[in-house]
Structures are given as structure tokens and as C-alpha cells.
Amino acid sequence: MNSARGGVAGRIPETDEGLQGDELALKYDEMQRHIRDQGWLQEKVDDILAADITSGSVLEVGCGPGYLGLEWIKQVTGAVGLTGVDISEAMVRRARGNADAYGVAGQCTYECGDVLALPYEDGRFAHAFSASSLHEWADPVRALSEIHRVLRPGGRYCVMDLRRDIDRTTFQFMKANIAADMRPGFRSSIRSSYIRSEVEAVLRDAALTTAAVTEVQMGIVIAGRKEA
């Protein structure tokens with residue numbers, strides 16, 4: 001986190017195994033539902049829409065319990081099909097139940113899979129997005145390359161995450177709106193997240209140099225288009 005003295009602590013990698021098990025999945029589901037009910041998912045939905053991800057077959061990487069994709073699908077007017085992939089079977093089960101509760105299960109498919117080896121053929125999807133997962137990927141260059149691989153030419157991608165140098169006021173606000181037993185995980189996620197210069201280096205290594213990187217109050221947004 002960015003301190004008043006201007007220093008940014010070094011990155012401390014977090015687990016790349018996701019939130020495994022039904023108990024953790026339930027707690028994370030409750031946290032995400034609270035965030036949704038407060039309207040705080042809307043900024044991420046707006047980022048996805050601003051990236052021109054509004055139609056076709058769309059992949060959500062690290063979908064968790066599914067709320068972001070489900071809120072997004074409510075707001076698009078074109079014909080869409082959403083595929084969510086997560087490394088945790090418990091999260092996949094939560095996402096399927098939530099899609100049913102939203103009444104859009106017919107438009108959604110949820111599967112267990114690893115972003116480092118996505119279980120899809122080249123060019124499978126029109127577009128892709130991901131939120132709050134980049135800091136967990138053991139090899140972000142490979143992960144972003146995999147997302148790029150499964151996109152069709154012209155496909156858009158939008159990857160959103162926390163950033164390690166958020167200001168203290170924002171950090172305290174976010175922490176205050178997370179259940180006490182989830183706060184240690186939130187702090188470790190902040191410590192393992194990237195700052196802008198690190199993201200730009202990852203994109204160079206992944207040969208995604210045309211992607212735009214934007215800092216927002218609570219994180220960072222990567223948006224780009226598959227040229228070929």
C-alpha cells in the first residue's frame with residue numbers, strides 16, 4: 001500500500017489455488033453479495049461495457065460466485081452467452097446456483113479450470129473479462145496469453161484487479177466493508193496485487209503492448225483488443 005512517505009512495499013505473492021471448499025465459498029459469496037447490494041459492482045460492470053464487451057460468447061475468468069458476470073448480463077442488450085471458469089469447484093457450484101436465482105441459467109455455463117491452461121480451443125470466445133484474480137495467477141504472462149489465445153481476432157478483453165498502492169483512505173473503506181474473518185485475506189490480496197509499472201511489464205512480456213492500463217480508485221484496469 002502507498003504510504004504517506006511515498007513508499008510502496010514489495011509484492012508478496014498469494015496462493016494460486018483459489019478459495020477452495022464450501023465454507024470459504026459461502027463466506028466469499030456473502031461478501032460479494034453485500035458488495036453487489038451496495039452497488040459497488042457497478043463500476044466494474046461499467047469498465048466491461050466501456051471495453052465494448054456487449055455481445056457474443058463471453059468468457060469470465062475467475063468468476064467466483066458469479067455476481068459480476070450476472071450483473072453484467074442484466075445490462076447488455078445484445079445476444080450473449082456467458083461462460084465462467086474458476087479453479088474452485090465450490091465457487092462453480094455457487095455460480096450455477098446464483099445464475100439460476102437471477103433467471104439467466106440458460107445463458108450461462110460454469111466450469112472448473114485453470115487460467116494457466118484454459119480448457120478451450122483457440123478463438124473460442126468473442127470477448128473475455130476478469131476481476132480480482134490477476135494477483136492470484138502464478139504466471140500472469142502465461143495467463144494473459146491464454147486469455148488472448150481463446151479470443152477470436154477483434155475480440156476485446158478487460159482485466160480488473162486491486163492495486164498495491166491504493167491510498168490509505170480507500171484501503172480502510174474497503175476493509176471496513178468486509179466481514180472480519182475475511183479481512184486477513186483482503187490484506188494479503190492487496191499485498192500480492194500489482195502496481196501499474198508491474199502490469200505494463202507483464203503486458204510487454206505477454207506481447208500485449210497495445211493494451212491500455214488505467215488506474216482507478218480501488219484498483220487497475222487492463223483493456224485491449226486481439227489484433228490477430
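This one's a predicted model, so the numbers in the text were calculated from it and none came from an experiment.
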ask   = Run the side chain to side chain contact (heavy atoms under 4.5 Å, CB included) check on L82 and Q107 step by step: do they pass?
value = CA-CA 6 Å; L82 178 66; Q107 293 176 263; 6.0 Å; no
request  = Evaluate the criterion side chain to side chain contact (heavy atoms under 4.5 Å, CB included) for residue pair R187 and I190; output intermediate values, then yes/no.
outcome  = CA-CA 5 Å; R187 286 191 292 268; I190 290 289; 5.7 Å; no
request  = Using the side chain to side chain contact (heavy atoms under 4.5 Å, CB included) rule, take V58 and F125 through it: C-alpha gap first, then chi angles, then the decisive distance, then the call.
outcome  = CA-CA 6 Å; V58 178; F125 297 99; 6.0 Å; no
request  = Would you check, one step at a time, whether the test ring pair (Phe, Tyr, Trp, His ring centres under 6.0 Å) holds for F173 with W40?
outcome  = CA-CA 12 Å; F173 172 80; W40 298 330; 5.3 Å; yes
ask   = Passes side chain to side chain contact (heavy atoms under 4.5 Å, CB included), I73 versus C108? Steps please.
value = CA-CA 9 Å; I73 211 168; C108 302; 4.1 Å; yes
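Taking the side chain as every heavy atom from C-beta outward, M218 and L162 never approach each other to under 4.5 Å. With contacts defined as side-chain heavy-atom distances shorter than 4.5 Å, the pair L68/M160 qualifies. Two residues are said to be in side-chain contact when any heavy atoms from C-beta on lie closer than 4.5 Å; L59 and L118 meet this criterion. You'll find the side chain of V199 reaches within 4.5 Å of the side chain of I220, heavy atoms only. The shortest side-chain heavy-atom distance between L144 and L203 falls under the 4.5 Å cut-off. Looking only at side-chain heavy atoms (C-beta outward), S193 and R11 stay at 4.5 Å or farther from each other. Counting heavy atoms from C-beta on, the side chains of I178 and H34 never come closer than 4.5 Å. Counting only heavy atoms from C-beta outward, the side chains of I48 and T54 never approach each other to under 4.5 Å.
Note that the CZ atom of R183 and the CE atom of M174 stand 13.0 Å from one another [nearest 0.5 Å]. In this structure, OG on S189 lies 8.0 Å from CG on D161, to the nearest 0.5 angstrom. Atoms CG and CG, on L41 and D46 in that order, are 11.0 Å from each other to the nearest 0.5 Å. A distance of 4.5 Å separates CD in E23 from NZ in K27, rounded to the nearest 0.5 Å. Going from atom CD1 of I222 over to atom CG of D47 covers 11.5 Å, rounded to the nearest 0.5 Å. In this structure, CG in D22 is found 10.5 Å from CD in E89, a value given to the nearest 0.5 Å.
With R142 contributing its side chain and L116 its backbone, the two residues share a donor-acceptor pair below 3.5 Å. Checked by atom type and distance alone, the side chain of R164 pairs as donor or acceptor with a backbone atom of A9 at under 3.5 Å. With K226 contributing its side chain and P153 its backbone, the two residues share no donor-acceptor pair below 3.5 Å. Side chain of S133 to main chain of S130: no donor-acceptor pair is present (N/O by atom type, distance under 3.5 Å, no hydrogens or angles). In terms of modelled atom types and a separation under 3.5 Å, the side chain of D165 and the main chain of V8 share no donor-acceptor contact. No donor-acceptor distance shorter than 3.5 angstrom exists from the side chain of H127 to the backbone of G155, with no hydrogens or angles considered. With D86 contributing its side chain and G64 its backbone, the two residues share a donor-acceptor pair below 3.5 Å. R156 places no side-chain N or O within donor-acceptor distance of the main-chain N or O of G224, the cut-off being under 3.5 Å. At distances below 3.5 Å, at least one donor-acceptor pair connects side-chain atoms of S192 with backbone N or O atoms of S188. Of the possible donor and acceptor atoms, one in the side chain of R152 sits under 3.5 Å from a partner among the backbone N and O of R124.
Nearest heavy atoms, A128 versus L151: N-CD2, 3.7 Å. Pairing each heavy atom of S55 with each of A126, the nearest pair is O-CB, 4.3 Å. The two residues C112 and I87 come nearest to each other via the heavy atoms SG-O, 3.4 Å. Minimum heavy-atom separation, K44 to S132: CE-OG, 4.0 Å. When every heavy atom of F129 is checked against every heavy atom of G69, the shortest pair comes out as CZ-CA, 3.9 Å.
No hydrogens or angles considered: a donor-acceptor pair under 3.5 Å links the side chains of E71 and Y102. Looking only at atom types and distance, the side chain of R33 has a donor-acceptor partner in the side chain of Y67 under 3.5 Å away. Side-chain contact check for Q42 and Q75: at least one donor-acceptor pair (N or O, by modelled atom type) lies under 3.5 Å. No hydrogens or angles considered: nothing links the side chains of R94 and S88 as a donor-acceptor pair under 3.5 Å. Y120 and E111 share a donor-acceptor pair across their side chains, judged by distance under 3.5 Å alone.
By the 4.0 Å N-to-carboxylate-O rule, R204 lies too far from E200 to be salt-bridged with it. The existence of a salt bridge linking R196 and E198 is excluded, since no basic side-chain nitrogen approaches an acidic carboxylate oxygen closer than 4.0 Å. A salt bridge links E146 and R149; the closest N-O separation between the charged side-chain nitrogens and carboxylate oxygens is under 4.0 Å.
Under a hydrophobic-cluster definition in which Ile, Leu, Val, Met, Phe, Trp and Tyr are linked whenever side-chain heavy atoms come within less than 4.5 Å, directly or via other members, F186 and L26 are assigned to different clusters. Cluster membership check: I12 does not share its hydrophobic cluster with W137, using side-chain heavy-atom separations under 4.5 Å among Ile, Leu, Val, Met, Phe, Trp and Tyr.
Both tests do not hold together for R225 against Y157: distance to the six-membered ring centre under 6.0 Å, angle to the ring axis within 45°.
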